Amino acid sequence: MGRFIYRRLIHGLIVILGVTVIVFVVTRMVGDPVQVMLPLESTPEQRAAFEKKLGLDRPIPIQFLEFMGNMARLDFGDSLWQKRPAMDIVFEKLPMTILLTAVGIGFACVLAIPLGIIAALRPGGAVDRVTVFGSLLGLSVPQFWLGLLFIVVFAVQFKILPTSGAGTPSHILLPALTMGLPTLARLVMLVRSSMIDELNRQYVKTSFAKGLPFVRVVGLHALRNAGLPIMTLVGWEVIRSLAGYSVVVETVFAWPGIGLTAIQAIEREDLILIQAIVFTAAVCVVVINIAMDFIYKLIDPRLKLT
Amino acid sequence: MTPPRTDTLEQALAENRFEWWNSVCELGRELKRDKPGLIGVILITSLVLMAVFAPYIAPHDPAAQDLTARLAPPVWYDKGTWDHMLGTDHLGRDVLSRSIHGARVSLWVGAAVVLCAGGFGVVMGLMAGYLGGRTDAFIMRWIDTQVAFPGLLLALIILAVIGPSLTTVVVVLALNGWMVYGRMTRSAVLSIRQSPYVEAAEVVGCRWPRILFRHILPNLTSPLLTLGILEFARIVLAEAALSFLGLGIQPPATSWGLDVAMGKNYMFMAWWLVTIPGCAIAVTVLAINLVASWLRLISDPQEREKQFARHMAKGMRKNMQAEIDKERQPETS
Amino acid sequence: MKKKGCLFLAAVWMGIFLTGPGWAQTRQITIALGSEPTTLDPQIREDGGERAVNDNIYDTVLTRTPEGDLIPSLAAQMPELVAPDTWEVTLRSGITFHNGEPLNADAVVYSIQRVIDPDFNSEQISFFSTIKAARTTGDLTLHVITDGPDPILPSRLYWLKVVPPVHSKDPGFAENPVGTGPYRFVTWQRGQHIDLVRNDDYWGDAPQIMAVRYRFIEEPGTRLAGLMAGEFDLITNLLPEFTSHVPKSVNVLGLEHPIVILNANSGITKDPQVRQALNLAVNKMALANGLFEGYAQVAQGQLLSPSFFGYNDQVKAYPYDPDRAKKLIEAAGVKGQTIELIGTSGRWLKDRDLVEAVAGYWEQAGLKVNVRIFEFNEYLNRLFDRKTRADAIFVVSSNELLDADKSFSAYYKSGGVGASNTDATLASLIDAARSETDEQKRESLYHQAVKRAYDQAYFVWLLNIEDIYGLSQRLDWPGRVDARLLVQEMTCQ
Amino acid sequence: MNTSPKAPLLEVRDLVVNFYTRGGVVQASRGVSFQVDYGQTLGIVGESGSGKSVAVQAVMGLIFNPGRIEGGDIFFKGRSLLDPAGKKRVRQVRGKEIAMIFQDPMTSLNPVFTIGTQITEVLRHHLGMTKDQARKRAMDLLDMVDINAPEKRLKQYPHEMSGGMRQRVMIAMALACEPQLIIADEPTTALDVTIQAQILELLTDLQQRLNVSVILITHDLGVVAQLCHRVAVMYAGRVVEVGDADQVFAAPVHPYTRGLIRATPRLDMVTERMVSIDGVPPDLISPPKGCAFFPRCDQAGKACLRMQALIALGDDRHVSCWCAAKEVTR
Amino acid sequence: MTGQTLEGRSDLPLVDVRNLSVLFDAGRAGFWGRKRLTVHAVENVSLDIRPGETLGLVGESGSGKSTTGRAILGRVPVSKGHIYFQGKEITHAGKNRVRELSRDMQLVFQDPYASLNPRMKIIDIVAEPLRVHGMVKDTKAAAKEVARLLELVGLPPDAGARYPHAFSGGQRQRVGIARALALKPRFIVADEPVSALDVSIRAQVVNLMQDLQARFGLSYLFIAHDLAVVRHISHRIAIMYAGNIVELAERHLIYDSPVHPYTRALLSAVPVPDPPVQRARKRITCPGEPPNPLNPPSGCRFQSRCPYVTGTCREKAPDLTRRRPGQMAACWNC
């Protein structure tokens, strides 16, 4: 157990370090933020001064050492674009993405588990076929397109929901729906297939032979066993969303989250902000991964955390 | 199964030479039974043909602009013409031709990424699974580490920095996606390695290449195929999303995602600009998914059995009805 | 128990739906901006989002009429030149900041010193680069001292937002702006919106609109959707195609000029004949009417709009004459040769489309055009590359000072970031104008410069693009030539 | 409950169960009949694929897709479990009046719940006990199946126990509601010989102590010999011989029964070579017409090609064989 | 060096195993993972197999009988002890040596379903050993040889053209034997070859193995958990318990006069298919379960279940010692 935590933490550190180093190297080696940051008509002197201010004129190894030192203190410096500490911006945007993810994936879970179970009860039946086809369709529609479609239908045609932005609870509905739909589709498929697997296991027969009511056998015995793959997928979806996959939805709906900020930072070559965002995303991924391991242990007592 | 009526093994072998054709036929029959799968296969085939022969099918050059015929609607509108069946975009380019050529990019990127990532992943997985020990530990650590990377973010940054192009998109997506194959191959190799028939091969003195290629790989093909096809669908969507964000395929090349991004600004007056490439993506991915789920079905003997049982049960009910009807007829006549 | 839960849920959902687009009330408007301000300190950034908001919170020393003429604002009258390098500014009396600080000469001097302080590192420094110092000469009078004669100082003062000396030292100033303007700052929900409310103590005419909310939407399509859904009352950068689809639209001749820089030092464009031919070959009228649906004017052979200082109304656009272009090309002996045209995509309105269209015209004139569209960063590398200039580079110039100086020193003058010529005569004209304080002399110098560049055809002048705004049914606004979104000029039913 | 005194506890009559597979319809049970009286132990013997498990799963209502019960009837205490009302009854009866023990104790317990949860949920569902009552009863039950430290065991998960221990837990669970019939489907096949001996001993002991009826399904004649009063031998989806265990073992009538007894190696006798039954068991997708054992039978005659029903040889002895019928009529 | 003989017989053992121990690494335990876990699969096992002889190796699951068999074949690393084949030491044979040895030593598997590659035809399965040892050059030669082998194990020659799924369990086990015979080995480890088969089929396979032994002079190590089947094929029988051999004796001695309490318990645990006889049999109960191989008890491994346990048993592990001619047992008290 202790060994497990210790090893996971070390691994997490390696991940975070690896990610930030890659970002550091990639951005330093190829990009030139000075050009993009200053207006077109700036003079070469202005450019040189700006470069010096950012410390971009020093050799890359020295920049890197300084960068590592700053990272250890969680201080990435001021965003080139917004002129304030990059971590402030991240901490401001991250909750929005977490909120969007939580609502989107929460909605997917709430719908997917009953749908998947119902489909699994009679594989090949009408309900199952409709569910499976619907899921395949949900998996196939590109998210950005779906988002646009939602905007046209719900916001512009019926005017019942706002088109974009954040603020009131109604603002989150369309982005969350767009975010959750592919997750819902994947989840339904997974719940269905793992429930089919579980329902064919011997212990389910035992439970029926014990005379337990159907609902208990399916909803408690089988579902808890199917919980591991389901949790894995849910965790994976959360990770995906925090690891950048929310970009598309956030862009379409102008949702002020970390993904949109990332894209904006990339467009503006804001190295500092990019580094801060990627670092945070890596930390999130690592933390969720470790949390998932503990949740697995709760679901399945057979797992040993080593 | 009727045993071959022959006396010697060689004769029997000769007689069974065309057995594989029977299994192809069997596959065809099963496909006929699975309507969604059939639709998927037909769609995919036509998409591939369309992509291959795009220059001959497309009525116009996809990049040819005509500023005087901008934003022309599809043919069924009053202003539409047969010249531009699905209308034109904001530069007067033919939407139909662009969509046809867009298939090339999507399928090419999908195939290239699946081949690169799959090839690399399978090799890594085989090495990890078969060599074991430190190699295994190293490769698995590597995979674990890379899986925990915020993949898309990194991909976006790398694309933005290196400059997006067809090649970079393929490379970045492949770098981002090979781990699945690695993990699956490794676990399959490990489980197949444990199987008695591999032990039997080792006991009779097979060297490792033979075990790998004669015993392990053939049993990996169907799960790998299914995974590859599913990944293909995922990659097509990913390419579209990257292009939509402006970090994928760059103009003047055409891509469905790019077309949606460009048409998005005009979506309230020219819905076809967004809808047609969007539908093209959806239909392609759906077709791939249909094929994948059919493949998964037929490669899973248990699921195959159940599918069959349902089919039988349905047929039986029909037959019974027919028999009942037959019995009734003499009574009425 | 369960039923109650259901009812509660239903109520919550109803609440969500009802609280949706709830801002649309009387005389409160919502403006959608393309980007969120990064700060609300009016003196640090050069940032459209920040400017759009702060233009309503702060006043400048001078301002412009909607047509572009400079008029006094906080100043009681136009500044006077009291020495070749000294301007005297006299302020209006009785103005206070929203927090009660008085507006006086000290405040203006403080604001000037703040923005030109090298340590402050303002991005707006290019607007004030000639100012050396400022000092108070009376309660409401001050002197602005420049490093040499600066004829366009009044234009510069048009950019000077005056900040309150006390409050601006507050660390939270950037998030809580206080000005003298017609609107007061209320809240800033980062990522969501900024709210302003009418300043009832405003020294000028009382604005009609009570409150304004700014929202930030990068995607033009999403912005348009919001306007069509009735969420927004004003959106910027409406595409020309949509003017008939939105409730109302306003268009004003803007500050942006797309041009093609031709390399006068080497390559086939070294020959002035060729450069002229390249001008003649392009049907600018068709571009304006086709690509921009009429929401652009043909540039009259210069990088200036009629409202800019230095505009030479004697110079007209090169006509569209493909036959002569062809002949000139043939005469220069470059027919069939390749010309490289560099552009970028997605940076400016229809940038790529313009490049492709120009290339098309040039091909018709008998050249082979190698169009190279680069990603912006790479594009900039090419634009700034002083050693090996490309034959032709597409660029969109924007001039917020409405004075020839800015555009000319960047593009016309040899050695400017975007200049591809080594014309010493032209450079000396521009330098002379820069330090000439006599307005008429200066204007004539610019007229000469315009003429020379036109004759030499250093550029292919394409268009002057109009700014288009989408308006909701209830909002009225005539628009402004300087693209400022002044809410006090808007009215709402 | 209103039951006729004459009716046996359980009677299975001409049960037909088919499984629909891709290869064809597997006729797993082709008219199986047997009965169990109160307090009696019936052994059902057969090789794999003889349909012995299918028959009892049908009793428990555990035939799922692709299997279907397509004929015959099952009576528990004289009332059908297959008619529309019976299907409802099955749900009340199983676990309470009929309990079942499965072959593989490794997979039969739900891996993610504690032993305690899995035992108490039966008690709470069928007997409406409170949590505490159920826990106490569960401890008694574990004690009954010779599991020491029951309190500790209740908190354990199945994977923390050995195979023998798990099978004891399964037995405890089966005994929870004091059923009248326990169906044990190969309860010791997956266990080691010494553990098997323990479990068999336990079963014998419990059967005698609680006077419960038991159906014991096994392929091991030795297990039947140790435990059962009566024995039914199944072959290819049918019961070929049924009767008092002593009689069947002493004087098997059906050639298959005879072959099976001879083929089973014995520790107490020395034979140089083992005896086998030639050929392979029939394919249940297309079983031979008439006697299914016909292709492997050395006494087969023309009559064997016809269908054969059970022939009574005595009060409690039935056999399904023409040759046996000839012997009887002779 | 291996000239010395066991039990005074003069013939040289084909396979000679001396004090074999096999330990497996089983990961780590403890909060910080400081404790290494080791499975004591086989400890201090000695046995020998003579030419043409069958040694039955009987034990319950986890007793280490399969591990012993695989250690002889060089498929499991040996921790301690020595293995000799035809007088030569093969304990730590390298990969190439093991490959060479595969011509002389073969394995027959327990599960006839899993031990044949479902994607290969029978001819390819049976011919594989010949191919990898370069003993056949082309398909024609392979077909000829495979047909001969199939006939040997009682399968029709055309069986070679089919896939494993077309055969029943018994037939597949014959294919497995044919594969093992292809290289004409002298010694075969049969790992529970009939446990997965139906009672009526078992005899067919056992008899086939006996016939082949008579014909080719093969030696078998016949691993089983079933004392009844072993009785028919073995010349001598070794009983394993928790990684140790507790008794090793001539067949009749094991059944008629077993010495070790575990052997006796095992014998009495197997029910006899004859109700009156079975009812009359005296049963020796053997409570509890085998010890955890991760943490075996000190002393005799059987102490926790032995009715005759004494203090010595708890302290010291007994060695296999001679009790009477042809019978050895490891017990302090018998």
Side-chain angles (χ1 to χ4, degrees), chain D residues 45-50 146 161-165 188 190-198 200-201 219-229 231 235 244-250 256 259-281 283 296, chain E residues 58-63 165 167-171 194 196-208 210-211 225-233 241 251-252 254-256 262 265-279 281 283-290 292 305:
Chain D
V45 195
E47 294 177 286
S48 56
S50 60
D146 299 336
M161 294 182 155
S162 67
M165 210 57 106
T188 58
L191 302 175
D192 279 326
V193 188
T194 51
I195 311 294
Q196 163 175 309
Q198 294 170 6
L200 289 181
E201 204 119 318
H219 63 269
D220 188 342
L221 286 175
V223 173
V224 178
Q226 179 172 350
L227 222 62
C228 301
H229 305 124
V231 60
Y235 186 76
D244 180 74
D246 287 11
Q247 284 179 33
V248 171
F249 276 95
Y256 175 68
L260 199 61
I261 290 174
R262 262 192 293 164
T264 308
R266 295 177 62 155
L267 281 179
D268 59 341
M269 269 186 230
V270 193
T271 45
E272 218 19 74
R273 272 179 89 80
M274 284 174 74
V275 184
S276 68
I277 308 173
D278 285 339
V280 290
D283 180 7
R296 299 172 81 183
Chain E
V58 181
E60 295 180 290
S61 57
S63 60
H165 61 76
F167 296 93
S168 70
Q171 289 168 320
V194 297
L197 301 178
D198 272 326
V199 177
S200 66
I201 305 297
R202 274 181 193 176
Q204 296 174 5
V205 173
V206 170
N207 292 344
L208 171 68
Q210 272 180 315
D211 292 344
H225 66 261
D226 180 350
L227 276 166
V229 173
V230 174
R231 176 167 207 176
H232 289 271
I233 191 165
Y241 182 79
R251 168 171 64 181
H252 66 274
I254 286 276
Y255 290 93
D256 297 340
Y262 177 66
L266 204 57
L267 281 167
S268 99
V270 181
V272 173
D274 192 337
V277 177
Q278 173 63 16
R279 261 176 256 137
R281 280 177 83 200
R283 273 167 244 161
I284 301 163
T285 46
C286 170
E289 303 191 359
N292 184 354
R305 301 173 75 186

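In what follows, chains are A, B, ... by sequence order, proteins preceding strands, each numbered from 1. Since the model is a prediction, treat every value here as computed from it, not as a measurement.
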Student: What residue in E:Ala228, E:Pro276, E:Gly59 has the most heavy-atom pairs under 4.5 Å with chain D?
Tutor: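 Most heavy-atom pairs within the cutoff with chain D belong to E:Ala228.
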Student: Let's test your reading of the structure: which of D:Thr194, D:Val231, D:Val224, D:Leu221 forms the most heavy-atom pairs below 4.5 Å with chain E?
Tutor: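 That would be D:Thr194.
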Student: Where is the tightest heavy-atom contact between D:Leu200 and D:Leu227, given as atom of each residue plus distance?
Tutor: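 D:Leu200 and D:Leu227 have their closest heavy atoms at O-CD1, 3.6 Å.
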Student: Among E:Val206, E:Asp211, E:Asp226, E:Ile201, which residue forms the greatest number of heavy-atom pairs with chain D at distances under 4.5 Å?
Tutor: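 Of the candidates given, the most pairs with chain D belong to E:Asp211.
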Student: Under a 4.5 Å heavy-atom cut-off, does chain D meet the side chain of E:Val199, its backbone, both or neither?
Tutor: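 For E:Val199, backbone and side chain are both near chain D.
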Student: Considering only heavy atoms and a distance below 4.5 Å, find which of E:His252, E:Arg231, E:Arg202 pairs most often with chain D.
Tutor: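 Between E:His252, E:Arg231, E:Arg202, the count favours E:Arg231.
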Student: In Å and rounded to the nearest 0.5 Å, what is the CG to OG distance from E:Leu197 to D:Ser276?
Tutor: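 E:Leu197 CG to D:Ser276 OG: 11.5 Å, rounded to 0.5 Å.
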Student: Could you look at D:Arg296 and say if it's the side chain, the backbone, both or neither that has a heavy atom under 4.5 Å from chain E?
Tutor: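 Just the side chain, heavy atoms under 4.5 Å.
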Student: Count the heavy-atom pairs under 4.5 Å between each of D:Ala263, D:Ala197, D:Gly279, D:Pro265 and chain E, then report the option with the highest count.
Tutor: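 The residue among D:Ala263, D:Ala197, D:Gly279, D:Pro265 with the greatest pair count is D:Pro265.
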Student: List the atom of E:Pro271, the atom of E:Arg281, and the distance in Å for their closest heavy-atom pair.
Tutor: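 Taking E:Pro271 first and E:Arg281 second, the nearest heavy atoms are CA-NH1, 3.8 Å.
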Student: If you measure from CG on E:Asp256 to CZ on E:Arg251, what distance do you get to the nearest 0.5 Å?
Tutor: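 That separation rounds to 10.0 Å.
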Student: Roughly how far, to the nearest 0.5 Å, is CG of E:Asp274 from CD1 of D:Ile261?
Tutor: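 Reported to 0.5 Å precision, the distance equals 8.5 Å.
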Student: Examine whether an atom of E:Ser61 lies under 4.5 Å from a heavy atom of chain D, and if so say whether it belongs to the side chain, the backbone or both; otherwise answer neither.
Tutor: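 Both backbone and side chain.
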Student: Which one, E:Ser268, E:Ser200, E:Cys286, leads in non-hydrogen pairs under 4.5 Å with chain D?
Tutor: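 Ranked by heavy-atom pairs under 4.5 Å with chain D, first place is E:Ser200.
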Student: Minimum heavy-atom separation for D:Glu47 and E:Asp198, please, with both atom names.
Tutor: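 It is OE2-CB, 3.0 Å.
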Student: Which atoms of E:Glu60 come close to chain D, meaning under 4.5 Å heavy atom to heavy atom: side chain ones, backbone ones, both, or neither?
Tutor: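 Interface part for E:Glu60: both.
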Student: Please assess D:Val223 against D:Gln226 for the test side chain to side chain contact (heavy atoms under 4.5 Å, CB included), listing each intermediate value before the final yes or no.
Tutor: CA-CA 5 Å; D:Val223 173; D:Gln226 179 172 350; 5.9 Å; no
Student: So what's closer than 4.5 Å to chain D heavy atoms on E:Leu267: side chain, backbone, both or neither?
Tutor: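 The answer is both parts of E:Leu267.
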Student: Identify the heavy atoms of E:Val277 and D:Arg266 that sit nearest to each other, and give their distance.
Tutor: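 Shortest heavy-atom separation between E:Val277 and D:Arg266 comes out as CG2-NH2, 4.2 Å.
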Student: Name the region of E:Val205, side chain, backbone, both or neither, that has any atom closer than 4.5 Å to a heavy atom of chain D.
Tutor: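 Neither part.
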